[in-house]
Amino acid sequence: MRYPFSEIESKWQKYWEENKIYKTNLSKTDNKLYALVMFIYPSGAKLHCGHWYNYGPTDSWARYKKLKGFNVFEPMGYDAFGLPAENYAIKTGIHPFDSTMTNINDIRQQLKKMGCMYDWNSELMTCVPHYYRWNQWLFLQLYKKGLAYRKNAPVNWCPKDQTVLANEQVQSDGTCERCGTVVIQKNLTQWFFKITDYAEELLEGLNKINWPEKTKTMQRNWIGKSTGTEVKFKVENSEEIITVFTTRPDTLFGVTYVVIAPEHPLVDKLTAKEYKEKVAAYRDSIKSLTEIERTSTVKEKTGVPIGAFAINPVNGERVPIWIADYALLTYGTGCVMAVPAHDERDFEFATKFNLPIRKVIIENGTKADERLESAFTEAGEMINSGSFNGLNSDDGIEKISDYLEQKNLGKRKTNYRLRDWLISRQRYWGTPIPIIHCPKCGEVPVDEKDLPVELPYDVEFNPSGESPLASNKNFMNVKCPKCGSDAKRDPDTMDTFVDSSWYYFRYLDPNYYDTIFDTSLAEKWTPVDMYVGGAEHATMHLLYARFIHKFLRDIHYANSDEPFTNLIHQGTITNQGAKMSKSKGNVVNPDEFTVEFGSDVFRLYLMFMGPYELGGDWSDKGIAGTDRFVQRTCELFSRFPKILEAVQLKSKFEISLLNSEEKSVYRKINQTIKKFDEEINNFRFNTAIAALMELLNELNKNIEKCSKEIQAYTLERYGVLLAPVAPHLAEECLQIIGRGESIFKNAEWFEPDAEALIEDVVNIAVQINGKLRTTIQLPMNSEQNEVKNAVFSDEKVIKNLDGKQVVKEIFVKNKIYNIVVR
RNA sequence: GCCGAAGUGGCGGAAUUGGUAGACGCGCUGGACUCAAAAUCCAGUCUGGCUCACACCAGGUGCCGGUUCGAGUCCGGCCUUCGGUACCA
């Protein structure tokens, strides 16, 4: 008989729900374990294999921990705001709220069919006022501390659609995803969160969390800490000062020109009359080309001189000032001292424009007057550097910095690549920004007691050149809270990464009304112990959440420094080499498989495919293997109905009293417990399941020849091992053999019998000159002399040693005996 | 360009601190059951050589070299694939 998965899965899902098996008692906090998977974006595409791959195995890990005795909290919710719902509305006319709600209802049903142990009491969605009002509250707290501010920033603008585009809506050739028009940059006044204030702590904190090294490296690079020195250059015939940032003050004597970012305000002040025209033309040229050229291949550097000259503070030399697009306004001071001899970019630029290249550091073994073929960027001996000549350049960095600081010509400075977080979105489907713009008072924050600023239902989504909310007069027109005069709301909404940067607190009580979340629960349950989600969030969500967590700590809402103690990235499941996406039409629908094989089989298959962190290309070849495993398991248990009731259950057997099949089975079940435990604990699901398969093979071979006591002992343990990875099947199997209640109601985990883990005999590999010649079977822990006797009396060894001289013998207990001959 | 990860049978993939390469599964081949097929069960399955067969021999973890009694694992140099990043001074 085939395992009737459909009946059995719904039977147990119903049982779990009715008996509230997965409702976590949050007041019990000893042994708490917060297991979290990144919440789901409820798009119309429903659950795909990638979701399953993320949620199924993570749930198995959480179940394993529950059986191990942890009080596990595993919630699920919906990251419900966002651009795709709005784009869908533009295309179909269906309101984002309506489509999102429909999707959530569908997805909830799909999620429930997976059979995860989510605590549905904690379900949340971000698009409802009682969630997003706390985004607004959070905004106001940041605002109060000066960490939310407004400034001009460029956005991607499609001139045809008259709309702002997110970066991912701009194609690689710089055109609009929808209409193919070339996207331009437009400046708008927008809101920022000052994440840069936390740059150093965000960097330092990485040392304290157990995250994948590569993710931490990505965050480190993203934060991009760089220590150097700011140096002041006077400008000839001007009162202005150009301050440059350099990590190589040791090369200061090699400066042959200075570069300023084209958009830098100093440019207007310094440009000589006869250069104004050329400078203006250059600035125009890069404005229109930036986005296309940035994304194209390696761009050749461009620039023009502005007809002004800077004075090198250490040698008084007069060097030309240029503007060039390789100087970025947004990094450092926006000004660069150019040392072509020792910087690749400057070298390239100087070569192109025929600017002088002066060596001030020589590479060991080269001569001072040798021509440079490329920039020499490493350390060496300083030359042409006045009193600093002869120093090693590493010392020179310190000495020149000291000199500059003493003479008040510069000072040491640390810079970060990290930029502030732009949170304004000129979109409808998001959290309204709780700010009122008053013609008299300027920007006025909405009073906390007036939150939430509700997102109105009626707006015009079709792109009109401004934020959709601006079309709703009832929403936009308000009285200024300060002076009472006519004022307008901010028409923008927040980046949805704001929603996801604190949702793990809210899960603990999603209906909490008094504050952003229940802080007393948060103190006990955060940080999240295990967080599982895609690596694509490395420098966005995972950085923003760390920032907001630290901010909440600073305003005394959280008592920890980091949100996620442990982090695991599941790999990506691709299809025909490409990421699954609706637009590529390569999405694999999991229902295909769950309908045919059941959710346990599908979950098992996803786990068995390969290492969890690697993912892989989708293939359904092999799902038959996990299906067979489930069938054979069910069949095995069916042969032993109520066996647990028929015998006196023992927790340990004396191995020496067992017959050989019993010994073999007893050893195997205990070895499997040990192996499975280690593997699943470390998210190595593929090998955990392989161990169960080995066990099943052993049982099918030998269990019939065992006593009823051994059979009961083994099957009960096997059933419990199955429970994390195939929960419905395990519940059913345990019920068949007569275990009373749900294993997840009365959590239990068996420890292996240490004595059963030890074999009495081992195979020892016999090598001659490192080549395997034979293996011999000997008692466990045989000493070298015993092994030696056996080895040298072995026929094959004798044959192979014939006429040769033994030089050396290497013995590794229970493993190897290697004879070195000449 | 830079940073990171990975290259093992026909396929997905296993291999503690260097110590019997290919666990487990798919697929394939042969057999049993069946009127037949499916399903199921049993056996075989890294490659080459030799053998009726058992056995035996040689080679083998992307490529080249090194360390070692012994390397998939460590070191140096390449090649390929996949992620991340884009002039950060």
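Below, all heavy atoms of this structure are taken into account, side chains as well, without hydrogens, waters or symmetry copies. Order of the sequence lines fixes the chain letters, A, B, ..., with proteins taken first and strands second; residue numbering starts at 1 for each chain.
Comparing the P positions of B/C26 and B/C35 gives a spacing of 28 Å, expressed to the nearest Å. For the C1' atom pair drawn from B/G9 and B/G48, the interatomic distance equals 14 Å after rounding to whole Å. Spacing of C1' atoms, B/U8 relative to B/C3, comes out at 26 Å, to the nearest Å. Taking atom C1' on both nucleotides, B/A23 is separated from B/C46 by 14 Å, rounded to a whole Å. Comparing B/A5 with B/G76, their P atoms are spaced 13 Å from each other, to the whole Å. Here, B/C41 and B/U16 have their P atoms 31 Å apart, quoted to the whole Å. Nucleotides B/G25 and B/C64 are separated by 35 Å at their C1' atoms, to the nearest Å. Nucleotides B/C75 and B/A6, compared at atom P, are 12 Å apart to the nearest Å.
The aromatic rings of A/Tyr331 and A/Phe245 sit perpendicular, their planes meeting at an angle over 60°, well past the 30° parallel limit. Between A/Tyr544 and A/Phe497, the ring planes are tilted. Angles from 30° to 60° get that label.
Counting distance only, with no hydrogens placed and no angle test, the side-chain atoms of A/Arg419 and the base atoms of B/C88 include a donor-acceptor pair under 3.5 Å. Between the side chain of A/Lys301 and the base of B/C87 there is at least one donor-acceptor pair of N/O atoms closer than 3.5 Å. No N or O donor and acceptor, one from the side chain of A/Lys674 and one from the base of B/U16, sit under 3.5 Å apart.
Taking the side chain of A/Asp343 as heavy atoms from C-beta on, and the options B/A89, B/G12, B/U20, the nearest nucleotide is B/A89. Considering only side-chain atoms of A/Glu679, the nucleotide from B/C88, B/A15, B/C69 that sits closest is B/A15. The side chain of A/Asn697 has B/C24 as its nearest neighbour among B/C3, B/C24, B/U20. Each of B/G27, B/A15, B/C24 was ranked by its minimum atom distance to the side chain of A/Met693; first place goes to B/C24. Distance from the side chain of A/Thr246 is smallest for B/A89 among the nucleotides B/A58, B/C26, B/A89. Side chain of A/Leu772, nearest nucleotide from B/A14, B/C88, B/U20: B/U20. Comparing B/A86, B/G12, B/G19 against the side chain of A/Phe608 picks out B/G12 as the nearest. If you check B/C88, B/A89, B/G12 against the side chain of A/Val336, the one that comes closest is B/A89. Out of B/U20, B/C87, B/A14, the shortest distance to the side chain of A/Gln767 is found at B/U20.
Between B/A89 and A/Asn415, no contact under 4.0 Å exists linking OP1 or OP2 to a side-chain N or O. A close approach under 4.0 Å does occur between a side-chain nitrogen or oxygen of A/Arg632 and OP1 or OP2 of B/C41. Close to B/G59, at under 4.0 Å from its OP1 or OP2, lies a side-chain N or O of A/Lys771. Between A/Arg628 and the phosphate of B/G27, there is a side-chain N or O to OP1/OP2 separation shorter than 4.0 Å. Contact annotation: A/Arg220 side-chain N/O to B/C3 OP1/OP2 distance is not under 4.0 Å. Side-chain N/O atoms of A/Thr687 include none lying less than 4.0 angstrom from OP1 or OP2 on B/A23. Residue A/Asn818 places no side-chain N or O under 4.0 Å from the OP1 or OP2 atom of B/U68. Look at A/Lys796 and you'll find a side-chain N or O under 4.0 angstrom from OP1 or OP2 of B/C56. A close approach under 4.0 Å does not occur between any side-chain nitrogen or oxygen of A/Arg248 and OP1 or OP2 of B/C88.
Where A/Lys214 and A/Phe245 meet RNA chain B, the nucleotide closest to each residue was compared, and A/Lys214 sits on the side nearer the 5' end. Heavy-atom nearest nucleotides on RNA chain B were determined for A/Thr333 and for A/Val812, and the one closer to the 5' end corresponds to A/Val812.
Residue-level contact check: A/Ala327 touches the bases, meaning some heavy atom is under 4.0 Å from a base atom.
Rounding to whole angstrom units, NE2 of residue A/His569 and P of B/C82 are separated by 21 Å. Following rounding to the nearest Å, A/Leu695 (CG) and B/C24 (P) show an atom-to-atom distance of 13 Å. Regarding A/Ile223, its CD1 atom lies at a distance of 16 Å from the C1' atom of B/C3, rounded to whole Å. Per the geometry, CD belonging to A/Gln219 stands 21 Å off P belonging to B/G83, to the nearest Å. One can place CG of A/Asp346 at 10 Å from P of B/C88, the figure rounded to the nearest angstrom. Between the P atom of B/U68 and the NZ atom of A/Lys808 lies a distance of 10 Å, rounded to the nearest Å.
Look at A/Lys799 and A/Glu795 and you find no salt bridge, because none of the NZ, NE, NH1 or NH2 atoms lies under 4.0 Å from a carboxylate O. A salt bridge links A/Arg639 to A/Glu704: one of the charged nitrogens lies within less than 4.0 Å of a carboxylate oxygen.
Between the side chain of A/Ser60 and the main chain of A/Pro724, a donor-acceptor pair closer than 3.5 Å is present. Put simply, the side chain of A/His264 never gets that close to the backbone of A/Cys335: no donor and acceptor are under 3.5 Å apart.
Annotation: side chain of A/Ile260 is in contact with side chain of A/Leu270 (closest heavy-atom distance under 4.5 Å).
Residue pairs that meet the side-chain hydrogen bond (donor to acceptor under 3.5 Å, both in side chains) test with at least one member in residues 604-622 of chain A, sequence neighbours left out, are A/Thr58-A/Tyr612, A/Thr574-A/Asp617. Among residue pairs with one or both ends in residues 777-786 of chain A, those qualifying as side-chain hydrogen bond (donor to acceptor under 3.5 Å, both in side chains) are A/Asn781-A/Asn814, A/Glu783-A/Lys813; sequence neighbours excluded.
Classification of B/G9 as syn follows from a glycosidic angle within 90° of 0.
When base pairs are accepted only as Watson-Crick or G-U wobble with both N-N or N-O distances under 3.5 Å, RNA chain B takes part in stems of 3 or more pairs at B:1-7 with B:79-85, B:10-12 with B:24-26, B:27-32 with B:40-45, B:46-49 with B:56-59, B:62-66 with B:74-78.
With A/Trp52 as the aromatic partner, A/Arg603 does not meet the cation-pi criteria of under 6.0 angstrom to the ring centre and within 45 degrees of the ring axis.
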From CA spacing to verdict: side chain to side chain donor-acceptor pair (under 3.5 Å), A/Tyr3, A/Asp627: CA-CA 10 Å; A/Tyr3 167 64; A/Asp627 184 51; over 6 Å; no

